[in-house]
Visitor: 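Quick one: structure below, then a few questions.
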Amino acid sequence: MVAPEHPFQTLTGMRDLVEPDTGRRRALVATFAERAERAGYGEIRPPLLEELGVFLRMGEATDVVSKEMYEFEDKDGRRVALRPELTAGVVRAFVQHHPPTPWKVWYSGTSFRRERPAAGRYRAFDQVGVEVLGVDDPDLDVEVVALAWGSVTDLGLRRVRLVVNSLGDHEDRQRYTDAVATFLRSRRADLSEAARATTERNPLRVLDTKRPEDRAVVADAPSISDYLSPESAAHLERVLAGLRAVGVPVEQDDRLVRGLDYYRRTTFELVADSLDAAQNAVGGGGRYDGLAEDLGGPPTDGIGFALGVDRLLLACDAEGVFPPADVVLDAFVVDTAGGETARDLVHELREAGLAADRRYGGGSLKSQMKSADRSGARWALLVGSDELDAGVVTVRDLRSGAEQVAVPRADVVADLRRRSSEHREDTGT
Ligand code: HAM
């Protein structure tokens with residue numbers, strides 16, 4: 001093997017996540033999981049790699065499918081892809097295993113999209129989300145949207161808005177898409193080059209434009225509300241009324257179209273006003289009636305959402321909420337008497353459920369104490385030759401400046417356990 005010319009680096013748009021960020025992500029997933037499980041959702045972990053066809057059903061006209069997927073041929077000559085999201089895989093799992101309905105699942109995990117990287121836009125990113133299969137009831141939409149809203153407010157975020165729309169059923173959506181295409185073609189001269197191209201590929205996506213010249217045109221576009229069947233309009237009304245009844249603040253926006261093609265009827269997005277407008281969607285979802293059929297299963301209603309973990313945490317930073325938890329060591333063992341006590345005591349402390357660390361390679365009392373201070377440990381456990389001879393360990397409180405005490409070596413683990421639980425009670429941690 002020849003050494004590379006340069007040291008290897010992560011691929012563009014990919015990151016190594018480390019503490020404290022990783023700990024914060026674990027806490028976010030735990031908070032989300034708790035809320036989802038309280039509402040009757042069980043965890044699912046679909047694979048990262050699926051047959052390409054599973055994802056093509058998301059709509060070949062969408063950028064996610066046509067431009068951004070990591071797809072390749074595996075060694076068996078099968079076309080496969082890294083998942084760009086989890087909904088398609090979850091629906092594939094439903095079709096494959098036909099669990100009893102309603103099937104309510106939550107998930108967390110990484111997805112891959114070969115997008116142009118920016119702040120809040122990565123090529124590998126994490127989502128948490130839910131899907132429910134087998135229920136056609138607008139009150140379920142209320143449950144799902146309220147779950148998304150609650151998950152965001154659990155983090156302490158306040159500057160987030162919930163925007164809801166309906167794209168109608170299959171026929172409504174088709175009629176509306178045709179109307180939007182006709183309208184956009186009539187205003188072709190005023191549209192940007194990019195919007196003209198999108199008009200031919202996926203006209204509804206133009207409604208989502210961020211370009212000022214296109215926005216001016218889009219402002220005059222037909223509204224979906226004029227194209228909803230009475231059933232779709234009643235569904236939307238019931239969802240909006242339900243959200244208001246349970247106290248979820250909701251904005252209706254008839255211009256909301258989502259990036260993926262599988263949506264029908266209820267669609268929604270959570271928008272963080274603290275983030276840059278280009279990447280301010282911290283989550284989104286909706287109904288996708290028809291997806292199970294597209295994947296070879298029986299007609300099945302479905303709804304779900306995904307929240308972008310990376311963007312949620314950026315929004316938390318912007319609002320100064322959901323800080324990373326401090327990893328607090330109970331004890332740091334400082335041993336200047338040969339190292340055997342440090343070797344054995346950290347092990348005993350950890351086995352007793354305490355958080356303990358030490359320094360390797362010996363070193364003077366001063367340098368080991370520096371490491372103890374830097375570790376943030378609550379107590380230093382000191383063992384020098386005097387302690388060793390006397391069969392004790394000196395316990396020094398590194399925070400309060402209280403008098404240090406000598407504790408018999410045999411009692412020190414129990415002593416530390418008592419101190420640590422008293423301290424936890426005092427601080428409510
Ligand atoms: P999505 O809108 O494509 O929907 O993604 C959901 C969220 O994932 C976005 O709002 C955003 O916060 C985050 N996200 C998407 N792409 C990136 C990226 N490149 N970098 C960082 N964050 C990103 C879905 O994925 C659907 N599967 C949601 C759903 C579930 N619909 C029904 N069920």
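Just follow the structure's listing: the first ligand is 1, and inside any ligand the first atom is 1. Please read these numbers as outputs of a predicted model, since none were measured by experiment.
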Visitor: Taking side chain as C-beta onward, heavy atoms only, is Tyr227 less than 4.5 Å from Ser232?
Guide: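 No, too far: nothing below the 4.5 Å cut-off.
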
Visitor: In terms of relative ring orientation, are Phe94 and Trp103 parallel, tilted or perpendicular, with 30° and 60° separating the classes?
Guide: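 If you compare the ring of Phe94 with that of Trp103, the planes turn out tilted.
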
Visitor: Taking salt bridge (charged side-chain N to carboxylate O under 4.0 Å, His left out) as the criterion, tell me which of Glu43, Glu143, Glu37, Glu131 meets it with Lys104.
Guide: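 Considering Glu43, Glu143, Glu37, Glu131, a salt bridge (charged side-chain N to carboxylate O under 4.0 Å, His left out) with Lys104 is found only for Glu143.
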
Visitor: Tell me which residues fall inside the under-4.0 Å heavy-atom shell around ligand 1.
Guide: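 Contacting ligand 1 under 4.0 Å are Glu85, Thr87, Tyr107, Arg113, Glu115, Gly120, Arg121, Tyr122, Phe125, Gln127, Glu131, Arg258, Leu260, Tyr262, Tyr263, Ala281, Val282, Gly283, Gly284, Gly285, Gly286, Tyr288, Gly304, Phe305, Ala306, Gly308, Arg311.
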
Visitor: If we ignore hydrogens and angles and just use 3.5 Å, is the side chain of Glu85 paired with the main-chain N or O of Ser111 as donor and acceptor?
Guide: no

Visitor: Looking at Phe32, I'd like to know if the NZ or CZ of Arg35 sits under 6.0 Å from its six-membered ring centre while staying within 45 degrees of the ring's axis.
Guide: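 No.
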
Visitor: Evaluate side chain to side chain contact (heavy atoms under 4.5 Å, CB included) for Val395 paired with Arg419, printing each intermediate quantity in order.
Guide: CA-CA 11 Å; Val395 178; Arg419 285 170 189 273; 3.8 Å; yes

